[in-house]
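Reading through the structure tokens given below for one structure.
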Amino acid sequence: MNTSLLLIVTISILLTLLLVIGRVVYLQSKSVRQRLRMSAVFTNITHELLTPLTVISASVDKLRDEEPQYGRDYDLMQINIQRMVRLLQQILETSKSQAGELKLLVAQGDVMRYVRETAQYIEPLITKKKMKFTIECHPESMMGWIDTDKLDKIIYNLLSNAAKYSHENGEVSIKAVTNKNYDHLIIYVSDTGDGIPKEKMKNLFRRFQDGEYRQHKAIGTGLGLALTQDLVFLHRGTISCESEEGKGTTFIIDLPIKKEAFTPDQIYEDHQITFDSSKNPIIDFKAEVPDVNYDASDTDNAEDDRYKLLLVEDNVELLMLMRQLLMSQYRVYIAKNGREALDIIHQKELDLIVSDVMMPEMGGYELTKEVKDDPAYNHLPIILLTARTQEEDEHKALLVGADEYLHKPFRLKDLKLRIDNIIENRKRVKADLERSESEEAPEQEKPNTPTPEELFLSKARQYVFDHLEDEEYDRESLAADMGSSSSTLYNKLRAITGKNVSTFIKDIRMQEAKRIAIENPDIRVSDLAYRVGFRDPRYFSTCFKKQFGMQPSEFLDSLPHAL
């Protein structure tokens with residue numbers, strides 16, 4: 001499985017380099033001949049990349065059969081393989097278009113049914129973003145001549161763009177109608193997104209036009225609309241766009257569907273449009289992205305003393321990978337933006353935060369400042385992840401209080417190493433504190449004025465001692481006595497002692513049980529348990545052995561008894 005994942009990452013890097021180099025070369029090429037030559041090169045490279053992707057996909061399927069317990073990892077791999085395949089296919093189509101090699105082949109069938117069923121394949125992509133999606137066809141059935149491969153790509157590109165640039169709870173629609181002569185198919189694809197600025201409209205269909213996908217946290221290559229226009233023109237049609245900022249956008253495609261509109265070599269006379277085959281252009285949206293949010297709502301286990309991390313990242317795939325890497329060693333909570341992260345920080349007991357910088361709603365810098373400005377949480381270490389590499393970006397991260405700054409792309413093991421180092425520092429603080437507690441310093445060496453941390457611990461210990469026999473006295477009770485929330489109390493105790501609240505209380509009970517046992521070696525185990533707040537002597541014995549390495553009965557037997 002690691003080998004397959006490594007291959008996927010390698011191909012992703014090569015593909016990214018291919019796109020970047022291609023864009024530069026394309027823009028710098030001054031002649032049609034140069035561009036056609038580069039188009040041929042990209043076509044060959046794309047074909048070569050599709051082969052190892054096919055091998056990887058087959059290997060993942062084989063691994064799924066042999067080791068089915070890694071289902072989430074396989075889903076992640078296949079989703080990204082399919083995305084890369086789609087991107088490569090788009091590059092191939094673009095290269096063919098530039099070289100004049102795209103061919104039209106129309107067949108006869110129910111074009112309205114085809115539009116409706118193709119759109120339905122994309123519905124999961126749109127509804128996943130909690131958008132309202134409507135499909136209208138008037139009339140519901142109409143025969144005509146279309147190239148289904150080209151129409152698939154046109155519909156996919158326009159609907160995926162609409163979903164990409166719209167907000168949650170917005171609306172996306174596709175409407176197909178005909179003219180009065182029933183010889184044209186007119187398709188309207190609309191959204192209620194931000195709209196397109198006027199200055200962008202004139203270059204809307206220009207290849208490598210960036211659009212606004214970065215501010216929408218979407219993936220873009222600048223190929224989709226340019227290729228869509230090429231495909232519409234190839235189909236002897238027209239495409240136009242109407243947009244108003246703040247209200248939305250509508251693309252209008254007008255395609256001839258009469259047989260006489262096409263040349264004999266463009267007509268596939270013996271073929272009929274079929275509806276039972278899957279639509280390749282949208283296969284990547286059939287796979288459900290596994291839900292990775294369940295940990296954020298899990299009930300905390302008081303006995304789980306693992307260190308607790310919060311991962312904040314809007315890229316679900318990266319979030320899944322980081323979580324999979326860390327969950328065996330740490331308890332992991334997740335959030336997809338700074339707002340979600342703050343809710344978890346206020347509700348959960350945490351030891352460390354890892355956050356992306358660029359996220360919707362609230363980014364990493366803002367999140368870091370919020371945390372570091374809050375006295376209840378400013379001790380929490382924060383590692384920021386960013387694709388930005390400028391020195392001033394790192395300077396800004398340090399200014400807002402980040403403890404570490406990691407550039408993307410990063411190796412997951414480097415992230416884990418940084419997390420481990422911070423946690424190990426906390427463990428060393430805990431060990432030093434326990435050593436100082438066990439080795440009583442001479443009176444003259446003790447400072448006259450206790451530190452705030454010492455006062456805090458002294459107060460917390462006294463509250464536990466005051467309720468030592470109360471079995472119901474737990475972390476919420478101690479937090480209430482200390483005048484803080486349970487998460488704030490956890491954060492302070494973890495920072496000072498390395499222990500969570502439940503462990504802090506239990507350790508005091510255990511130490512007091514040991515002291516009582518030494519003073520009363522003839523005491524019964526059950527009575528000893530009751531004296532320190534345990535109503536179940538068996539559970540008390542388990543905790544005692546875990547703390548001191550022997551059963552309480554064995555410890556009592558080892559003590560000198562009065563004659």
Side-chain angles (χ1 to χ4, degrees), residues 300-309 331 345-353 371-372 374-382 403 422-519 531-534 540 543-544 546-548:
D300 289 324
N301 180 1
E303 298 300 319
D304 184 359
D305 200 29
R306 288 181 298 169
Y307 281 78
K308 299 172 178 64
L309 314 181
R331 182 170 177 82
I345 290 167
H346 294 149
Q347 296 171 16
K348 301 294 182 180
E349 301 171 345
L350 299 173
D351 296 298
L352 186 143
I353 300 168
V371 172
K372 295 300 183 178
D374 190 331
Y377 305 103
N378 59 14
H379 64 280
L380 285 173
I382 299 179
D403 298 85
I422 291 174
I423 296 301
E424 284 303 316
N425 284 336
R426 286 204 161 193
K427 290 179 178 178
R428 279 192 287 271
V429 170
K430 174 186 175 182
D432 291 343
L433 182 68
E434 289 179 342
R435 188 163 50 251
S436 66
E437 288 177 348
S438 62
E439 299 172 0
E440 198 63 37
E443 191 66 31
Q444 64 272 17
E445 293 182 11
K446 292 183 179 180
N448 294 326
T449 305
T451 65
E453 289 79 10
E454 289 172 334
L455 288 173
F456 176 83
L457 287 179
S458 177
K459 184 179 178 182
R461 289 194 187 99
Q462 189 58 53
Y463 277 125
V464 176
F465 277 117
D466 291 345
H467 300 84
L468 195 65
E469 296 185 22
D470 182 1
E471 182 189 21
E472 302 299 324
Y473 196 77
D474 56 10
R475 58 182 179 176
E476 282 75 22
S477 305
L478 179 57
D481 285 342
M482 295 290 289
S484 67
S485 68
S486 58
S487 61
T488 300
L489 178 61
Y490 170 89
N491 290 331
K492 289 185 177 180
L493 279 180
R494 181 71 105 174
I496 298 171
T497 69
K499 303 172 184 176
N500 66 25
V501 183
S502 298
T503 301
F504 177 78
I505 295 172
K506 187 172 66 177
D507 284 356
I508 291 175
R509 294 184 190 277
M510 289 295 101
Q511 292 295 340
E512 185 63 9
K514 184 178 180 181
R515 187 193 66 78
I516 293 172
I518 293 172
E519 290 183 356
R531 290 275 299 273
V532 294
F534 285 83
F540 167 75
C543 294
F544 193 96
K546 184 178 179 181
Q547 187 89 357
F548 302 114

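Fair warning: this is a prediction, and the values are worked out from it, not measured in the lab.
Of the inter-residue distances, the one linking Phe465 atom CZ with Ser458 atom OG reads 10.0 Å to the nearest 0.5 angstrom. How far CG of Asp481 is from CD of Gln462: 11.5 Å, rounded to the nearest 0.5 Å. Here CG of Leu309 is found 8.5 Å from CG of Leu350. Values are rounded to the nearest 0.5 Å. Here the CD1 atom belonging to Ile423 is positioned 10.5 Å from the NZ atom belonging to Lys308, to the nearest 0.5 angstrom. Annotation: the span from Lys459 atom NZ to Leu478 atom CG amounts to 10.0 Å, rounded to 0.5 Å. To the nearest 0.5 Å, atoms CE (Met510) and CZ (Phe534) are separated by 3.5 Å.
Across every non-hydrogen atom of Arg531 and Glu469, the tightest pair is O-CG, 3.1 Å.
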Checklist line | Verdict with reasoning, Glu512 to Arg515, per salt bridge (charged side-chain N to carboxylate O under 4.0 Å, His left out) | finding: CA-CA 5 Å; Glu512 185 63 9; Arg515 187 193 66 78; 2.4 Å; yes
Next item on the list: Carefully, step by step, assess Leu489 and Phe456 under the rule side chain to side chain contact (heavy atoms under 4.5 Å, CB included).
Entry: CA-CA 10 Å; Leu489 178 61; Phe456 176 83; 3.6 Å; yes
Note to self: If you apply the rule side chain to side chain contact (heavy atoms under 4.5 Å, CB included), what do you find for Ser477 with His467, and how did you get there?
What the structure shows: CA-CA 10 Å; Ser477 305; His467 300 84; over 6 Å; no
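Residues Asp466 and Tyr473 form no side-chain contact, since every pair of their non-hydrogen atoms from C-beta on lies 4.5 Å or further apart. Side-chain atoms of Arg509 and Phe544, non-hydrogen and from C-beta on, never get closer than 4.5 Å to each other.
Between His346 and Tyr377, the ring-plane angle classifies as tilted under the 30° and 60° cut-offs.
In the model, Gln511 has no side-chain atom that pairs as donor or acceptor with a side-chain atom of Asp507 under 3.5 Å.
Applying the salt bridge (charged side-chain N to carboxylate O under 4.0 Å, His left out) test to Lys514 and every residue at least two apart in sequence or in another chain returns nothing. The salt bridge (charged side-chain N to carboxylate O under 4.0 Å, His left out) search around Asp403 returns Lys372, not counting sequence neighbours.
Looking only at distances, no side-chain donor or acceptor of Arg475 sits under 3.5 Å from a matching main-chain atom of Ser502.
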